[in-house]
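Inspection log for the structure reproduced underneath, given as C-alpha cells.
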Amino acid sequence: MGIRDDLKKQALDVSGKAMEKLMADEKRAMAIASAIGKVQRGKQALDRGQEELMKALNFAPRGEFKALGKQLSGLKRRLRELEEKLDAL
C-alpha cells in the first residue's frame, strides 16, 4: 500500500531474523527462557505483595476496583438509556 506498510514489513522481517539468530544457540535460548521465567515469577511475587499490603492497609484489592469500574460503566450506560427514554416522553 504505502511506505508505512513497507517499513512495517521490513521491521518485522529484520526482527524475525534477529530472533532466529538469537535463538539459534540452544544454551542462549535456554538462558533467555530462564530469564523470562524469573521476570514472570518476580512480577507474580510483586503482585502478591501489593495485594497483601492493600489488605493490611484496609484498601480494596485491584480486582475489586476493576469490578467496581465495570459496574459503574454499566450504570452510566443504563442512566443514558433512561435519560433518552425520559426525553422521548
Side-chain angles (χ1 to χ4, degrees):
M1 286 190 176
I3 193 166
R4 180 179 174 184
D5 291 328
D6 291 340
L7 287 174
K8 185 188 277 187
K9 184 180 182 314
Q10 288 176 0
L12 285 172
D13 290 342
V14 169
S15 65
K17 289 177 184 177
M19 286 301 293
E20 284 179 25
K21 287 183 180 181
L22 190 62
M23 296 296 185
D25 181 21
E26 188 175 333
K27 287 183 181 179
R28 190 179 319 150
M30 292 299 289
I32 291 170
S34 175
I36 290 171
K38 288 178 183 177
V39 167
Q40 289 174 338
R41 286 189 298 277
K43 184 184 179 313
Q44 290 171 352
L46 181 66
D47 288 344
R48 282 192 305 270
Q50 183 182 25
E51 291 291 324
E52 290 174 11
L53 178 62
M54 298 282 280
K55 287 180 184 177
L57 296 173
N58 290 324
F59 290 137
R62 186 182 325 157
E64 289 183 23
F65 279 111
K66 286 183 180 181
L68 287 173
K70 287 181 181 181
Q71 288 178 349
L72 182 59
S73 295
L75 289 172
K76 286 180 180 178
R77 184 176 54 251
R78 182 71 180 133
L79 179 61
R80 281 193 300 271
E81 291 170 359
L82 290 173
E83 285 177 342
E84 288 173 4
K85 286 181 181 180
L86 283 175
D87 289 342
L89 294 177

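Residue indices begin at 1 and follow the sequence shown. For the numbers below, each heavy atom of this structure counts, side chains included, while hydrogens, waters and symmetry mates do not.
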Gap separating the CG atom of L82 from the CZ atom of R80, nearest 0.5 angstrom: 11.0 Å
CD (E26) with more than 12 external heavy atoms under 6.0 Å: no
Residue list, salt bridge (charged side-chain N to carboxylate O under 4.0 Å, His left out) with D87, at least two apart or on another chain: none
Straight-line distance of Q40 CD to K43 NZ, nearest 0.5 Å: 9.5 Å
D5 with K9: basic N within carboxylate O range, under 4.0 Å: no
Euclidean distance, L86 CG relative to E84 CD, rounded to 0.5 Å: 10.5 Å
Point-to-point distance, once rounded to the nearest 0.5 Å, from CZ of R41 to CD1 of I36: 11.5 Å
L46 side, atom CG; E51 side, atom CD - distance, nearest 0.5 Å: 10.5 Å
Crowding at CE, M30 (>12 non-hydrogen neighbours, <6.0 Å): no
Any side-chain heavy-atom pair of L7 and I3 under 4.5 Å: yes
ILVMFWY clustering at 4.5 Å (side-chain atoms), partners of L53: M54, L57, F59, F65
K55/E52 ion pair, N-O < 4.0 Å: no
Separation of M19 CE from L12 CG (nearest 0.5 Å): 12.5 Å
Listed once per pair and sorted, the side-chain hydrogen bond (donor to acceptor under 3.5 Å, both in side chains) pairs that draw on residues 15-24, sequence neighbours left out: none
